[in-house]
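Inspection log for the structure reproduced underneath, given as structure tokens.
Owing to the predicted nature of the structure, the values given are computational and were not obtained by experimental measurement. Reminder, nothing fancy here: chain letters follow the sequence lines and each chain counts from 1.
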Amino acid sequence: MWQQHLVIAPILIPLFAALLQLLPWGENPQRYRRLIGIVACILTISAAVTLLLQVHQYGMQVYAVGSWQAPFGIVLAVDRLATVMVLLSALLSLPILAYACYGEDNLGSHFHALFQFQLLGINGAFMTGDLFNLFVFFEVLLIASYALLMHGGGKLKLRACLHYVLLNLAGSALFLIALGVLYGTTGTLNMADMAGKIAALTGDEAALARAGGMLLLVVFGLKAALLPLYFWLPQAYTMTTGTVAALFAIMTKVGVYSILRVFTLIFGETAGAASLLGYQWLWWLGLATLLIGAIGVLGSRDMRMVISYLVVISVGTMLTTLSIANERAVSAVMYYLIHSTFVTAALFLLIDVMAMQRGKTASRIVSGRKLAQHSLVAVMFFAAAITIIGMPPLSGFVGKLHILEAARVGDQANWLWPVVLGSTLVIMVALARAGSKMFWHTLEGKAGDTRSANGQLVAVMVLLSAAVLLTVFAQPVTAFTDAIANDLYQPQRYIYQVLGGSTL
Amino acid sequence: METLFAITVGMLTACSVFLILRGRSFPIVVGITMLSYAVNLFLFSTGRLVLEGAPIIGNEKPITDPLPQALVLTAIVIGFAMTAYAVILAVRARGEIGSDEVNDLDHSDAEGQR
Amino acid sequence: MNLLLIVFLPLLGALIPLCLYGKSRRIVSLATAVPALVAFTLLLVMATQTLAGAVPQVLVPWLPELGLNLAFRLDGLSLLFSGLILGIGLLIILYAHYYLSSKDDANRFFACLLLFMASMLGIALADNLILLWVFWELTSVSSFLLIGYWFHQSDARRGARMALATTGAGGLALLAGILLIGHIVGSYELDAVFAAAEQIKNHNLYLAALILVLLGAFTKSAQFPFQFWLPHAMAAPTPVSAYLHSATMVKAGIFLMARLHPALGGTEPWFYIVTLTGLATMLFGAYFAIIKTDLKGLLAFSTISHLGLITMLLGLGTSGAVIAAMFHILNHATFKAGLFMIAGIIDHETGTRDIRRLGGLRKLMPFTYVLSLITAASMAGVPLFNGFLSKEMWFTETVDQHLFGGLSWLVPVLATLGAMLSVAYSVRFVHGVFIDRPTRELPKVPHEPPFLMRAPVLIFSILCIAVGLMPMLLVGDLLTPAVASVLGSEVPVKIALWHGFNLPLLMSLLALVGGAVIYLGRQEIFNFNRQFDQHDAKEVFETTVQKISEACSYVMAKLETGSLQRYMALLFAVVLIFLIPELTAIQSLTGSRPQLPIDTVSMVGAIILILASLGTAVLHRQRLTALMMLSVVGLVVSLSFAHFSAPDLAMTQLVVEVVSIILMILALFFMPQRIPRASSGRRVARDILLAGFIGGVVGTLNYALITRPLESISHFFLSNSVSGGGGTNVVNVILVDFRGFDTLGEITVLAIAAAGIHKLLNNLRPSMPSSDVDGRPWHSIKHPMMLTTVAQMMLPLALMVSAYIFLRGHNLPGGGFIAGLVTAAAMILQYVSNGVDWVKARFDHNYQSIAALGVMIAMFTGIGSWFFGKNFLTSWFTHVDWPIVGEFEIATAILFDLGVYLTVIGATLMILANFGQMTTRHRPTQKGH
């Protein structure tokens, strides 16, 4: 009786947890709140895992909220892609939260509640099959992120946060306009239904729908940090606290996910007059984003900045590859997405550890004092660096290989290969430089005495271990991402499932 | 009538965009609020314009498309929450940075500190 | 299976030293030697098959989709190299055990060494090009760690980074090349690649693939013009230099060329590129080897020179050349490793490697002296030593080639010149160190090192002589299969000591004599060389990277000015760029839907709206006025909702309007009161233009939409509202039932916003003006009598109204949200009129909990439906007949709406009350987070 409601669990668990954490809880509330948070994360993970198995076994799950069938009611349409993303965010959240529980959550109020709200928004965005509902969940995750971004306070944070908030407010307005246009032309909000309707459109109506689609692309591009819209990212990610930045490793992926979903399902190959909308733009802007990211990496004097630009690079890589528009490319994107999310998060936490142990040189790329746990942190940094650069033997190189092989030799490869390999070299040089400055070129005198809690280091290791697992089990993972790509390139299956098809 | 409506919405949008492009937080917030008005009108109008009607069953008035209205209602509430947050953020920025300038002209040397 | 072990034993063995921290050096060294030794024995066992002509292979699938498998092979070439790697590796471990000082971290050293050994073996044994690349990059990584072993020295750090950057770049090029080959062949398995040799060579991508692959090889093998990194890699401990930078890693490039020779070799481009590069490198290296005063520097450049020699041979690609190449790989490895170890011993014993300071060690270290004589003689190509044999074979090839037709004679001449130079620096090595008088006092008084430290060198020297005397017996069988796998066909290997008096012999003699002459006249060369400015590649590299990175940060600074105005402008610009093409595609903007006539009310409304919005935009610097204008806009908008038959919207808009205006006025109090004109005329013009376009686009879209008929899903809601939702107000039914999930999200947003704002307000010290714009102090009476009384009367009234609105909501305009806001507004009025203390005294509830509770109620209403086997948020309702009230409806929707009601009150008050309290002593503080 309960098992059918599993689909909605990844939304309800964080919601309930967050609400509980908002209650007063007497004298020493933080203890309870931490407990609630950790438990919630574990529950979400287990729910996500079971869901993944279910979906992999019995195919896509459709959950009609309020028992109102699509396209009239709101449905959660959970296919492989959705479950993977949910599982990803869940797996990410636990170590990060654990890390935060060593004091960073005391830097400001409501950290735990906001953390769970954030997850709620993210998971909802991944699972919903309704475009307006997607908007609502976007707003949930945005407002939560606004608040989290300010965690810990501070002047510099304020400016970055102000930019982030105002830009996204404008973005939300655009989202609503896009929704209006799409509803005004198709008369529906359910994505599957809309896909069918759009494919049938012709002439001016189709043009209108395309306009709506392009607006959506702008909105998602803003979230994903595509070139002319990425400006909010570096400052925001650099200025905020380590854990928040680590959690935000998934935020840009929400934008990428939305593009992947909407622009394969609604504006994909089968969309008639609106097919493959905006893919050209994605290709060129993606490449440009990659380049800018590389320049940023080389130009940054601060480790957090470097990582922020690595995020930009990863976004560029994913969107460019995505716009190659075939199953192989999508599969590559998915593998790379999973890999880069984990590593970026790990790096943000690691930099936080370093900054704390280095004392006043913090995360600036200058020679500072020896770390209290020098060799251990150094080894972790080395592993993380190897992975993010994309050098063997860790997951990075598998992702790069996937992407390089996805490009068509002759035309696409002529652009993609030089840019991707070039950026790889740039990252290699930059990180080698940073690493040797911070770990090799240490000042004389005794090491600092601020040690990080073992729990925190373990949290980072857990995130890093993903890189190892993704390499060892590259084959099964790839098989799964292939399946995802196959799903996305069979939109009619999705449509059938959501509309006519079986609903739990 | 439709023409008039569209012109009004366009005008509203234009003015709010102009405000959003200002350099200080307060006009921007005002602009955002006004933009949300414009957007609400836009979204609402996608149900098409009907005079003297109501989305209510049982009275003899002509029925209008209720869905966009519901959406706009949600949008209004969310918009309110967002604007509120933006306003307070602006106040805090003013309080800590001292001015309500939104342009950050000294971030380059600010790198590295939290 | 054993093949896998040969690679993975050292790989896993790399962990052993790390587990042995705190153990004695002896144990660590032994533990390190074990995996290498086992792997070596395994190799010997397997070797018998290979020597018998078989090619053992093993394949374990890893990532077939990418054509990446754990595939290994042991053909002649692999055997030759893995033999070198493991054999010399073992001697290196022995040597390093004595070389490393007690202060050095031996565990780290040996771990990296084994890691390197494993990756090198991987290259040698890989049967899959991608796999080969994987290990290729691993060697770059591990050598980075080994070169940077003494990371407290800046030379080590820079050298390591330069090596990584160069070889890493080459590796990436190699990857691209391999991918191209894979694209042509359709597989990365070597056999498939060899089989498709013709196909590759005739493909139009052949040249690209070749160049990319060669880039990889040349960077790794320090071929001109990529030789610059190798001398600086000498900052590494000497065992590393001996192992990586003479015997193994730098030969990886050579190996790659040999490995892919069957697939890529034998063509015009291959011939010219490889041969000429080799020749150039050979001369370049030889010349600088003479200049160098640092022993290891000398050896480094001589290594470069010899690598060039081998490359050249591979370029020529004749069977004889390949035999010579394979043979010289072997010889060079033996004598060069030996020489490096000697250099290390001297450094170890005397504390310096500078030839100018050394000299006369003959008496102090006779044994070492003899060893260096042997190895150096071999390097110089003195007859009866192995170096002589391969060098003479090389001469033969240079004589036989016809590179430049008429000018082909140039090649043997240059070859002889190179040989002369190599003789010269060999002599210098021995004479300068052991025979010359010491020019200055040495840091340490040298004496012979422990026997076991010399043992490896002894072995190498013995090999030099033995191979030199009976080459066929010792290495013939080893070379035959190696040559076969390079040429792709069996050829008899013949190495004779004596070919009779012929040109090559003459060249050798010339080389010996000329070399001696050059050595005697070396001072001239030094003087000659002094006139060039000695730029240090390391410095060049550093400064280049520095410059580039500065350029980058300059670009970023220009791009990311931190100006929100610019980012916003970009956002809207992108909107225009993306949308305008689509809009231009529209044929007829006006749709077929019959349009409504314009009535006066709408006309007036529109005009007011436009004027008010313009006013807001123009007067935005008189903030209070602008705010008033804004409220007018909001008011008219809500009226127009009413006018266009959306009563719910009208009401909602109205109350929201009230609350948000209050909020903004409050905010205004904390905002600066005088605003200087900020933006320049040009910016204003730009913004007006941009804004105008956006407005135009939105208006156009809007017009195009609303003039078209729409076939929407709403009919469903209209027809099911009563029967399924139990309400006649369809909008409300949609909100609480059909799309209740949205509403749940919406109130969640409210709750989050409230929490976030509370977070923002914590311990905030806002700037509060003590007087208004014109310096008048604020009015002394905080709470005017009139207002107070009215407000207090208003409260119950408002509560009644809100209750009414709430209850009728399901059937008529109204509902939880509006009701909630009305109540909230009334409460706020109390704050405004009576002050915070007054309210706190009477109504002191935790708004936060109220908000949370509200959302919870809504959520549990949804979960409740599970108990009836329904999905989340499935509604249920019934009509009951109550005595007085009459027929009345009970619906779960009401409960849900109650949640909304509470959330709205809680959130709104949490926001406004907290914010309002900023001016009072009740400023919110972070208590209990």
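From B:Phe5, atom CZ reaches atom OG1 of C:Thr707 across 12.5 Å, with rounding to the nearest 0.5 Å. Rounded to the nearest 0.5 angstrom, C:Asn702 CG and B:Ser45 OG are separated by 3.5 Å. The line from CE of B:Met34 to NE2 of C:His620 is 11.0 Å long, rounded to the nearest 0.5 Å. Atom CD1 of C:Ile911 is separated from atom OH of B:Tyr85 by 11.5 Å, given to the nearest 0.5 angstrom. Taken to the nearest 0.5 Å, the CZ atom of B:Phe26 stands 4.5 Å off from the CG atom of C:Leu668. Note that CZ of C:Arg739 and CG of B:Leu73 are 13.0 Å apart. Values are rounded to the nearest 0.5 Å.
Annotation: C:Phe716, atom CZ; neighbour count of heavy atoms from other residues, nucleotides and ligands within 6.0 Å is above 12.
The two residues C:Ser613 and B:Leu12 come nearest to each other via the heavy atoms CB-CD1, 3.4 Å. Taking both residues in full, the closest heavy atoms of C:Ser721 and B:Ile57 are given as CB-CD1, 3.7 Å, listed atom of the first, atom of the second, then distance. Closest of all the heavy-atom pairs between C:Leu614 and B:Met11 is CD2-CE, 3.5 Å. In terms of heavy atoms, C:Ser645 sits closest to B:Ala54 at CB-N, 3.8 Å.
The main-chain N or O of C:Gln595 is never found under 3.5 Å from a side-chain atom of B:Glu2 such that the two would form a donor-acceptor pair. Looking at C:Ser714, its side chain never comes within 3.5 Å of a backbone N or O of B:Pro66 through a donor-acceptor pair. Within the 3.5 Å criterion, the main-chain N or O of C:Phe670 finds a donor-acceptor partner in the side chain of B:Arg94.
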Exercise for the section: Could you check C:Leu701 against B:Phe42 for side chain to side chain contact (heavy atoms under 4.5 Å, CB included), going step by step and ending with a plain yes or no? Expected result: CA-CA 9 Å; C:Leu701 278 173; B:Phe42 183 100; 4.1 Å; yes
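With a 4.5 angstrom heavy-atom cutoff, C:Leu718 touches chain B via backbone and side-chain atoms both. Only the side chain of C:Ser640 comes within less than 4.5 Å of a heavy atom in chain B; its backbone stays farther off. Contact annotation for C:Thr908: only side-chain heavy atoms (C-beta onward) come within less than 4.5 Å of a heavy atom of chain B. Contact annotation for C:Arg593: only side-chain heavy atoms (C-beta onward) come within less than 4.5 Å of a heavy atom of chain B. Looking at C:Ala569, the atoms closer than 4.5 Å to chain B (heavy atoms on both sides) sit in the backbone and in the side chain alike. In this structure, chain C has a heavy atom under 4.5 Å from the side chain of B:Leu19, while its backbone stays farther away. For C:Tyr703, the parts sitting under 4.5 Å from any heavy atom of chain B are the backbone and the side chain alike. For B:Ser16, no part sits under 4.5 Å from any heavy atom of chain C, backbone or side chain. Interface residue C:Ser712: only side-chain heavy atoms are found under 4.5 Å from chain B. When heavy atoms are compared at a cutoff of 4.5 Å, C:Leu912 does not approach chain B at all. Proximity to chain B (any heavy atom under 4.5 Å) is restricted, for C:Leu627, to the side chain, taken from C-beta onward. B:Ala90 touches chain C through backbone and side chain together, each having a heavy atom under 4.5 Å away.
Identified under the salt bridge (charged side-chain N to carboxylate O under 4.0 Å, His left out) test for residues 687-703 of chain C, with sequence neighbours left out: B:Arg22-C:Asp687.
Your options are B:Thr83, B:Thr46, B:Ile28, B:Leu89, and the one with the most heavy-atom pairs under 4.5 Å with chain C is B:Leu89. Between chain C and the options B:Val87, B:Leu4, B:Thr64, the largest number of non-hydrogen pairs under 4.5 Å is found for B:Leu4. When C:Gly699, C:Ala753, C:Ala617 are compared by the number of non-hydrogen pairs under 4.5 Å with chain B, C:Ala617 comes out ahead. The choice from B:Ile63, B:Val29, B:Val72, B:Leu71 that makes the most heavy-atom pairs within less than 4.5 Å of chain C is B:Val72. Heavy-atom pairs under 4.5 Å with chain C peak, among B:Ile88, B:Ile78, B:Thr13, B:Thr8, at B:Ile88. Options C:Leu750, C:Leu735, C:Leu596, C:Thr700 differ in how many heavy-atom pairs under 4.5 Å they form with chain B, and the most are formed by C:Leu596. Taking B:Val9, B:Thr33, B:Ile56 one by one and counting their heavy-atom pairs under 4.5 Å with chain C, the maximum is reached by B:Ile56. Per-residue counts of heavy-atom pairs under 4.5 Å with chain C were compared for B:Pro55, B:Pro68, B:Ala81; the largest is that of B:Pro55. With chain B as the partner, the residue from C:Leu690, C:Ile752, C:Ile688 showing the most heavy-atom pairs under 4.5 Å is C:Ile688.
The closest side-chain heavy-atom distance from C:Val749 to B:Val77 is not below 4.5 Å. Counting heavy atoms from C-beta on, the side chains of C:Met671 and B:Ser25 come closer than 4.5 Å. In this structure, C:Arg623 and B:Pro27 have side chains that are in contact, with non-hydrogen atoms separated by less than 4.5 Å. Contact check for C:Phe572 versus B:Leu21: side-chain heavy atoms found under the 4.5 Å cut-off. The shortest side-chain heavy-atom distance between B:Arg48 and C:Leu710 falls under the 4.5 Å cut-off. The side-chain heavy atoms of C:Phe644 and B:Val50, taken from C-beta on, include no pair separated by under 4.5 Å.
C:Asp742 and B:Thr74 share no side-chain donor-acceptor pair at under 3.5 Å. Looking only at atom types and distance, the side chain of B:Gln69 has no donor-acceptor partner in the side chain of C:Asp648 under 3.5 Å away.
Listed by chain and number, the residues in a ring-ring contact (aromatic ring centres under 6.0 Å, His included) with B:Phe18 amount to none (sequence neighbours excluded).
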